[in-house]
Amino acid sequence: MTIESIISQGVSKAVKDLYGIEVSESSIVPQATRKEFEGNFTVMVFPYLKASRKSPEATGKEIGEWLEKNVPAIEKFNVVKGFLNLTVNPSFWTKVLNHIAEDKDYGFLKATEGSPLVMVEYSSPNTNKPLHLGHVRNNLLGYSLSRILEANGNKVVKTNIVNDRGIHICKSMLAWKKWGNGETPESSGKKGDHLIGDYYVEFDKHYKNELKELEGSGMTPEEAEASSKLMQEAREMLRKWEAGDSEVRNLWETMNNWVYEGFDETYKRLGVDFDKIYYESDTYLEGKDLVLGGIESGIMYRKDDGSVWADLTGDGLDHKLLLRSDGTSVYMTQDIGTAKLRYQDYPIDKMVYVVGNEQNYHFQVLSLILDKLGFKWGKDLVHFSYGMVELPEGKMKSREGTVVDADDLIDKMITSAKEASADRFTDMAPEEAAEVARMVGLGALKYFLLKVDPKKNMLFNPKESIDFNGNTGPFLQYTYARIRSVIRRAGEVPEHLAEDILPNEKESALIQKLADFPAVVREAGQNYSPALIANYCYELAKEYNQFYHDYPIMKESDERTKGLRLLLSEQVGKVLKKASSLLGMEMPERM
């Protein structure tokens, strides 16, 4: 039981004993005492004045005296107006530290046979270009969220839907056919996703030149677009693909496989993975079948031009197109088909889509349609909506080839980590120094992108992210490495403290911070917020470094006090590593 629960329970019993009224424990929420006052936790007594018929000070004094007498965890109290400030007995914190040390799974809940199955979809790349900075944030958020949901006792399936069909894919294919001269990843030395991305940019370059020529001949921009032979060829290639043309399909499969190999390499470097990958080329037809079946059941309707729609006006929305007049599908159709396949594959209890906030309306509609089609989790699906990432230079544009490539970004972060820590790794072998630089570079990237409230747009500054003293990943990693260094020098750490070994005020505050960890994990799961974990990591590391600065460990002459500080340090390291693992961060043993 947490100290907050003990206080809530104690106040509830005190009020009943003193004033004869029933107060639910859940309504009593102890808050951390403000720094200018003495105490660890504060409880408001104003709600009980009517029953006590006394002043706030007198009521607080009576409740405080009752707690001091009947709750061993409370050492003393003071009252400031209507606020009861409670000081926790140091012996309680000793018990808490022992409990944390004994619990290998501290802070995490294990899934059981009856645990909910949550499916998390993230990444969702297109096979016409490599992953970029926006994908990096998406992947890191999705992976972190999956880890957090697992830590809350859920069974989690991580999925990816690859957008591997459509006109954008045909643009890359057509450009390769026209100007590729048989180039392959092997012949060029390029990663497959980079190679295909180059041809997507190449198509756009030729297309713009063509439009410029047509407009120069007197056409309006609209007429030029309609007359573009290059775009007509791309559309013809898409029609052949949908008709199953063997030549187009073979080229499509070859080029997509190049891209998948490139994606897999980037995913591995980022430290993210998936339990199941779905492909739009497999799901869009399933979606068409469901939509057509919805017409028969009266859920959808067909217009005179043959297009199929859903009427959502009764739900406060509008009419939504699901199949075009020529029978081709839209993104919504694909998502409906993917949902069907997923539901066949897994007994999903909750579905979480990690997709940017520009798709908020899309997921409102999808939720309603899936519910109408009978998917039990449809109405309660979660759209984990997050803001966009921008750079100091501004927004990214894929067609113009000005995106921040994920692989280039990873390389840059690792190189920056090497440069920023060159004087720290002098006693390491080159291989170890390179590995630590990799951890630090990626840790800096992950922490910087995850510490921000996911709902907000953010500015990513690579230089700012690699700082060993600020609110950064390297600061957390350095703190962990410092703790491991202390433990190695000590050689031995006590497994358990005698109950009469009492922590001082600073040590008690640090144990209290460790005691907060399970509640932070629960809150992060409820709010779908990796930022809560990141901020907790920073506060814990900052608190430990202050403690480390103020109180010697290895120079402490009293063996009992030294043992307390070693065990406390070890547990801070344990919790810091567990918490950072929820962000996908690795912790080096030394730096």
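Position 1 is the first residue of the sequence, and the numbers go up from there. Hydrogens, waters and symmetry mates are skipped; everything else that's a heavy atom, side chains included, is used.
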* Could you please spell out the steps behind the side-chain contact (heavy atoms from CB on, under 4.5 Å) verdict for Met587 and Ser580? => CA-CA 8 Å; Met587 289 299 198; Ser580 59; 3.2 Å; yes

* Distance-only polar pair, side chains of Ser325 and Ser307, donor-acceptor under 3.5 Å -> no

* Donor-acceptor side-chain pairing of Glu210 and Ser228 below 3.5 angstrom -> yes

Side chain [X], main chain [Y], donor-acceptor under 3.5 Å:
{"X": "Asn160", "Y": "Ser124", "value": "yes"}
{"X": "Asp405", "Y": "His132", "value": "no"}
{"X": "Thr266", "Y": "Asp407", "value": "no"}
{"X": "Arg522", "Y": "Gly107", "value": "yes"}

In terms of side-chain geometry, is the basic nitrogen of [X] or [Y] positioned less than 4.0 Å from the acidic oxygen of its partner?
{"X": "Glu202", "Y": "Lys178", "value": "no"}
{"X": "Glu236", "Y": "Arg239", "value": "yes"}
{"X": "Arg438", "Y": "Asp411", "value": "no"}
{"X": "Glu121", "Y": "Lys158", "value": "no"}
{"X": "Asp198", "Y": "Lys190", "value": "yes"}
{"X": "Asp315", "Y": "Lys372", "value": "yes"}
{"X": "Lys155", "Y": "Glu150", "value": "no"}
{"X": "Asp193", "Y": "Lys191", "value": "yes"}
{"X": "Asp245", "Y": "Arg249", "value": "no"}

Which value, rounded to the nearest 0.5 Å, describes the distance between [X] atom [atom1] and [Y] atom [atom2]?
{"X": "Gln364", "Y": "Leu381", "atom1": "CD", "atom2": "CG", "result": "10.5 Å"}
{"X": "Lys446", "Y": "Glu586", "atom1": "NZ", "atom2": "CD", "result": "6.0 Å"}
{"X": "Leu321", "Y": "Asp318", "atom1": "CG", "atom2": "CG", "result": "11.0 Å"}
{"X": "Met237", "Y": "Ile167", "atom1": "CE", "atom2": "CD1", "result": "9.5 Å"}
{"X": "Trp258", "Y": "Phe263", "atom1": "CH2", "atom2": "CZ", "result": "14.5 Å"}
{"X": "Leu366", "Y": "Thr333", "atom1": "CG", "atom2": "OG1", "result": "10.5 Å"}

* **From CA spacing to verdict: side-chain hydrogen bond (donor to acceptor under 3.5 Å, both in side chains), Arg147, Tyr143** => CA-CA 6 Å; Arg147 297 293 298 268; Tyr143 184 76; 3.1 Å; yes

* Determine whether more than 12 heavy atoms belonging to other residues, nucleotides or ligands lie under 6.0 Å from atom NZ of Lys340. => yes

* Crowding at CG, Asn181 (>12 non-hydrogen neighbours, <6.0 Å) -> no

* Structure fact -> From the list Tyr386, Phe274, Tyr353, ring pair (Phe, Tyr, Trp, His ring centres under 6.0 Å) partner of Tyr122 resolves to Phe274

* To do: Could you check if a side-chain atom of Val352 sits within less than 4.5 angstrom of a side-chain atom of Met119, using non-hydrogen atoms only?
  => no

* Asked: Can you name the closest pair of heavy atoms from Leu459 and Phe448 and give their distance?
  -> O-CE2, 3.6 Å

* How about Phe475 and Phe468: are their ring centroids closer than 6.0 Å? -> no

* Between Asn128 and Tyr199, does a side-chain hydrogen bond (donor to acceptor under 3.5 Å, both in side chains) hold up when you go through it step by step? -> CA-CA 8 Å; Asn128 65 314; Tyr199 283 103; over 6 Å; no

* So Asn256 and Glu253, side-chain contact (heavy atoms from CB on, under 4.5 Å) or not? Walk me through it. -> CA-CA 5 Å; Asn256 272 350; Glu253 188 172 328; 5.9 Å; no

